[in-house]
Amino acid sequence: MTNPYQPQPAAILDIRPETAIDTTFRLAWDTPPSPGQFYEVSLPRLGEAPFSISGIGDGYLDMTIRKVGRVTEGIFALQPGDHVYLRGPYGHGFPLEQLAGKRLVIAAGGTGLAPVKPVIQYALAHPERFNGMEILLGFRSPEDILFREEIAAWQQQAPVHITVDRAAPGWPGKVGVITELLPGLDLAPLDQFQAVVVGPPLMMKFTVRALTERGLCDDQIWVSYERRMSCGLGKCGHCKINEKYVCVDGPVFNFTEARWLID
Amino acid sequence: MHDTPSETRRVRLSCEEADILLDNLAAHYRLFAPVRLPGRGRFSDQDAIRYAEVHTVHEIEHARRSHFSPKEILFPVSQTLFYLMDDALQEPQDDPRDMLVFLRACDIHGIARLDDIFLNNGPEPEPYYARRRARIKLALLECRHSLDEHCFCVAMGTNRTDAYAMAVRCDEGQLLVEVRDDDLRPALPASAAPADFTPEFPTADPQPVVVPDADRLQSAIRDHGFFAHPMWADYAKRCIACGRCNTHCMTCSCFTAYDIAYTEQPNAGERRRVWASCHIDRFTDMAGGHAFRDENGSRMRFKTMHKIHDFYQRFGRHMCVGCGRCDASCPEYISFATCISAISRVLEER
Ligand SMILES: Cc1cc2nc3c(=O)[nH]c(=O)nc-3n(C[C@H](O)[C@H](O)[C@H](O)COP(=O)(O)OP(=O)(O)OC[C@H]3O[C@@H](n4cnc5c(N)ncnc54)[C@H](O)[C@@H]3O)c2cc1C
Ligand code: SF4
Ligand code: SF4
Ligand code: FES
């Protein structure tokens, strides 16, 4: 019997700070996951934690990690050439087939941008497979904006709307929560749209509500949930909501399912 | 009941013969059964009844329910997943011997619930559980009647079983035995006298428990805000989030994996998994300080729904097997059985 808890070493290829507390680690990895899946990452004797994929490329994966505790502090102490240990990918990612041919609305709050970034990049790399895309991004402050270079490149290809919760004087952009970006969106014809909403729980709740108020149906909305996870394998119970296990049934859910996940 | 194998043997054993049976079994199996540990109970003058390895029949506690369930044989409180030496992860060797576990009908059903999670949920079976599971045989300890006021196996439909390799009844110092499993039959002493014994099962609970219909409950949750019902606020006042109901439960299967480093040798350590409890703080804590189900009433609600609704929706049978250990262990005298019936009443009143 194979042991699904057995991780594989992955060498760190590159380390790129994004903000004061978030850093992107590029890891050597040959088998690409689907966007939206996650891995359990561990450092022996420090522990294991789940992380999303913020970039997928030939022979590598990117993970954008916030330093919050034992494992993440351990990872932040590493240098290129050092190894972390991965098992996965786990869960169901974003349904690229169901998004194909549609106009996409991507709404991402804070670090929620990390798991949807590969979707955005895929859609921009294959514009013929989609019918356009609007990108809405919310961050706490200008200092919290992730992936600045990539966002600048996206702006050449698609409308990108950015807002921050608060900013020091001199910030030329918008201040306000992400739902304030929605009234300006042209959502016609409605049935052509598919929306992807990822971020902190409250951000998702209000963004989904605003989208349904604008007329989108539940089945046009996709969300990705985070729960404290341990096993990633449907065994440990930490991620259970009602009869669903976020690690195996999610983390990406269609809102027809997610609306019943009441915690 | 299913057909019993044609080779089933039913015998009456004297005390000495019963110990010969156990000796013979012990040549191949480690034997586990509930035993009485004097003075180790919840209060200093009480005995604890727990699962332990046994060698003689008189060690087996026949009359009372074990405080902790037999799940710890398959799913230990703490289990090493890997030894961590520098950068190497080494899987530990598990004891390779087969096991025979003496347990009640409700607990036999409980093992089927653990199988649902550890073998059938998620992408693949859990090897640590699966290895032990493949090595155990089940010996039914007959309950002709409910063991005490906390039992409600009849309400949960877990009072009967035929999923056992052998069954025993303690009868005035003698042992009535039914052996169905080919591997176990040779262990019977040659002198064993034939007897007319098939196990009986309880047919009524001491206190009636009404299990709510899972589909009506789902509609109450989805359409009528049942999670906001005042009954949960009531539990918020009473439950102290000690987690005893979870740790004593036959079917609670949650765990947390974490790493340790040995203090005397920091380049070595272990990745372990330990029982976790949805009633205890930090079960859902996330980075950034967010937690779900902050107060104890919603934790009671979460556990209850798992036991009599969520699991059913996923696997087609209830997780709770009515063993009564949660009620027997709660320091606040919160009764899960009462809670289940109260839910049924709320659904009726709507
Ligand atoms: C599907 C998924 C994807 C994730 N993707 C990312 C990502 O791309 N980038 C990122 O920085 N973080 C991500 N996280 C969160 C990350 O797993 C946690 O921050 C993790 O706790 C960090 O481990 P640590 O040992 O450094 O922190 P710890 O020392 O374990 O704890 C720090 C804090 O995190 C809480 N916590 C502990 N374990 C978990 C857990 N398994 N999940 C959530 N919170 C936990 C603790 O209660 C504490 O409040 C993701 C989580 C999930 C479930
Ligand atoms: S919830 Fe209570 S009665 Fe049901 S299986 Fe667990 S301990 Fe036994
Ligand atoms: S044993 Fe009783 S007090 Fe303790 S967590 Fe369970 S319900 Fe709450
Ligand atoms: S993370 Fe263990 S069950 Fe989902």
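In what follows, chains are A, B, ... by sequence order, proteins preceding strands, each numbered from 1. Quick caveat, the model's predicted, so the values are computed rather than measured.
- For the atom pair A/Lys240 NZ and B/Phe283 CZ, the distance stands at 9.0 Å (nearest 0.5 Å).
- In this structure, chain A has heavy atoms under 4.5 Å from both the backbone and the side chain of B/Ala261.
- For the atom pair CD of B/Glu126 and SG of A/Cys231, the computed distance is 8.0 Å after rounding to the nearest 0.5 Å.
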*Give the C-alpha distance, both sets of side-chain angles, the deciding distance and a yes or no for side-chain hydrogen bond (donor to acceptor under 3.5 Å, both in side chains) between B/Arg271 and A/Ser42.*
CA-CA 10 Å; B/Arg271 180 159 299 163; A/Ser42 63; 3.2 Å; yes
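- Of all the listed residues (B/Ser253, B/Ala257, B/Cys252, B/Ala130), the one sharing the greatest number of non-hydrogen pairs under 4.5 Å with chain A is B/Ala257.
- Atoms CD1 and CG, from B/Ile221 and A/Asn242 in turn, are 6.5 Å apart once rounded to the nearest 0.5 Å.
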_Go through it in stages, so that I can follow the logic: the residues are B/Leu89 and A/Gln6, the test is side chain to side chain contact (heavy atoms under 4.5 Å, CB included), and I'd like the CA-CA distance, side-chain angles, deciding distance and then a yes or no._
CA-CA 8 Å; B/Leu89 289 91; A/Gln6 177 76 52; 3.9 Å; yes
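- Looking at A/Leu46, the atoms closer than 4.5 Å to chain B (heavy atoms on both sides) all sit in the backbone: N, CA, C or O.
- For the pair B/Thr256/A/His238, a side-chain contact is recorded, criterion being any heavy-atom separation below 4.5 Å from C-beta on.
- Considering only heavy atoms from C-beta on, B/Glu270 stays 4.5 Å or farther from A/Pro44 through its side chain.
- In this structure, the side chains of B/Ile117 and A/Tyr245 come closer than 4.5 Å at one or more pairs of heavy atoms.
- Between A/Leu43 atom CG and B/Asp87 atom CG the span is 9.0 Å, to the nearest 0.5 Å.
- When each of B/Ser298, B/Pro266, B/Cys254 is scored by its heavy-atom pairs under 4.5 Å with chain A, the top score falls to B/Cys254.
- Only the side chain of A/Tyr85 comes within less than 4.5 Å of a heavy atom in chain B; its backbone stays farther off.
- Residue A/Thr72 does not touch chain B at all, counting heavy-atom pairs closer than 4.5 Å.
- Contact annotation for A/Pro9: neither backbone nor side-chain heavy atoms come within less than 4.5 Å of a heavy atom of chain B.
- At a 4.5 Å heavy-atom cutoff, the contact between A/Arg70 and chain B is made by side-chain atoms alone.
- Shown here for A/Tyr5 and B/Phe82, the closest heavy-atom pair between the two residues is O-CE1, 3.3 Å.
- A distance of 5.5 Å separates CD of A/Glu243 from CD of B/Gln218, quoted to the nearest 0.5 Å.
- In this structure, chain A has a heavy atom under 4.5 Å from the backbone of B/Ala268, while its side chain stays farther away.
- For the set A/Ser230, A/Pro200, A/Cys247, A/Cys236, the count of heavy-atom pairs under 4.5 angstrom toward chain B peaks at A/Cys236.
- Residue contact with chain A, scored on non-hydrogen atoms closer than 4.5 Å, involves the backbone of B/Leu119 exclusively.
- Your options are B/Phe315, B/Phe227, B/Tyr262, B/Phe311, and the one with the most heavy-atom pairs under 4.5 Å with chain A is B/Phe227.
- No donor-acceptor pair under 3.5 Å is formed between the side chain of A/Lys235 and the backbone N or O of B/Gly122.
- When every heavy atom of B/Pro125 is checked against every heavy atom of A/Pro4, the shortest pair comes out as O-CG, 4.4 Å.
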*asked:* Let's go through A/Asp249 and B/Arg314 carefully: what are the C-alpha distance in whole Å and the side-chain angles of both, what is the deciding distance for salt bridge (charged side-chain N to carboxylate O under 4.0 Å, His left out) to 0.1 Å, and is it a yes or a no?
replied: CA-CA 11 Å; A/Asp249 302 321; B/Arg314 197 172 177 92; 2.7 Å; yes
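- The CG atom of B/Leu84 sits 6.0 Å away from atom CZ of A/Arg45, with the distance rounded to the nearest 0.5 Å.
- Note on B/Arg273, B/Arg222, B/His306: by heavy-atom pairs under 4.5 Å with chain A, the leading option is B/Arg222.
- Ranked by non-hydrogen atom pairs under 4.5 Å with chain A, the options B/Arg301, B/Arg131, B/His309 are led by B/Arg301.
- The environment of B/Gln93 atom CD is sparse: at most 12 non-hydrogen atoms of other residues, nucleotides or ligands sit within 6.0 angstrom.
- Contact tally against chain A (heavy-atom pairs below 4.5 Å) for B/Tyr258, B/Phe302, B/Tyr129: the top residue is B/Phe302.
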